[in-house]
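What follows is a single structure, written as structure tokens, with notes after it.
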Amino acid sequence: MTTAIPAPAPAVRRSPAPRLQLVGARPPAVPAGGTDGGRVGYLVFLPANVDPVALMQAHGIRPEIHPLGPGLPQAPGSAPAPQPDSGRLDDAIRVDRTRRLAEVDGSELDLTYLEFDLLAHLVAHPYTVHTRDALISGIWGYGHIGDGRTVDVHVARLRRKLGPAYRDRISTVRRVGYKYVPDQQ
């Protein structure tokens with residue numbers, strides 16, 4: 001009987017200098033100085049202490065820096081974009097998007113992820129009628145498979161959680177969608 005003894009693995013040597021290596025050439029339709037409408041993107045992993053802009057410029061690559069959109073995580077070291085406090089229009093219902101907190105008369109609501117997004121969207125746009133299709137594409141995303149009944153079910157659950165005193169703040173616009181109506185004082 002023979003026993004195989006594994007050979008020791010060779011040591012992996014790592015270069016102390018960070019490297020950037022592009023795989024493949026530029027597409028023929030894209031000129032070297034820029035793009036003509038088509039975009040080419042690369043995903044590059046770098047150590048935390050490496051400046052990506054300086055590294056790209058050192059390799060002759062012109063970086064294009066685009067700020068992250070609302071709702072996306074902020075880039076490291078950047079200040080969060082100021083967001084208006086959407087709860088200021090209505091003293092009873094307050095929504096804090098930064099902490100993902102919704103309150104009714106100072107009591108925190110226990111909302112699901114989509115219920116919170118739906119309430120935050122409606123409170124941020126008072127008196128605006130939102131169609132069911134617009135809510136599905138804006139809150140659920142384009143990839144969601146569903147119909148207007150999905151929105152109806154979530155609105156019904158949200159109204160139930162708001163309680164009898166505030167459920168009428170989400171008003172139904174028949175055959176169209178919903179709107180948020182703050183308290184008239």
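Predicted model, so just to flag it, every value in this text is computed and none were measured.
- Note that CD1 of Ile170 is 13.0 Å distant from NZ of Lys179, once rounded to the nearest 0.5 Å.
- Minimum heavy-atom separation, Arg97 to Ala124: NH2-CB, 4.1 Å.
- The distance from atom CZ of Arg169 to atom CG of Leu162, rounded to the nearest 0.5 Å, is 9.0 Å.
- Atom NZ of residue Lys161 and atom CG of residue Asp110 lie 5.5 Å apart, to the nearest 0.5 angstrom.
- Between Leu114 atom CG and His154 atom NE2 the span is 4.5 Å, to the nearest 0.5 Å.
- Within the model, atoms CD1 of Ile139 and CG of Leu122 stand 6.0 Å from one another, a figure rounded to the nearest 0.5 Å.
- Distance check, rounded to the nearest 0.5 Å: OG1 of Thr128 to OH of Tyr180 gives 12.5 Å.
- Side-chain contact between Tyr178 and Val129 is absent, with no heavy atoms from C-beta onward closer than 4.5 Å.
- Residues Val173 and Tyr127 fall into different hydrophobic clusters, defined by Ile, Leu, Val, Met, Phe, Trp and Tyr side chains chained together at heavy-atom separations under 4.5 Å.
- The minimum heavy-atom distance linking Asp96 with Phe116 is given by the pair O-CZ, 3.7 Å.
- The side-chain heavy atoms of Arg132 and Asp152, taken from C-beta on, include a pair separated by under 4.5 Å.
- Using a 4.0 Å cut-off between charged nitrogen and carboxylate oxygen, Arg157 and Glu115 do not count as a salt-bridge pair.
- Looking at Leu135 and Val155, their side chains never come closer than 4.5 Å, going by heavy atoms from C-beta outward.
- Salt-bridge formation is detected for the pair Arg100/Asp117: a Lys NZ or Arg NE/NH1/NH2 atom is positioned less than 4.0 Å from an Asp or Glu carboxylate oxygen.
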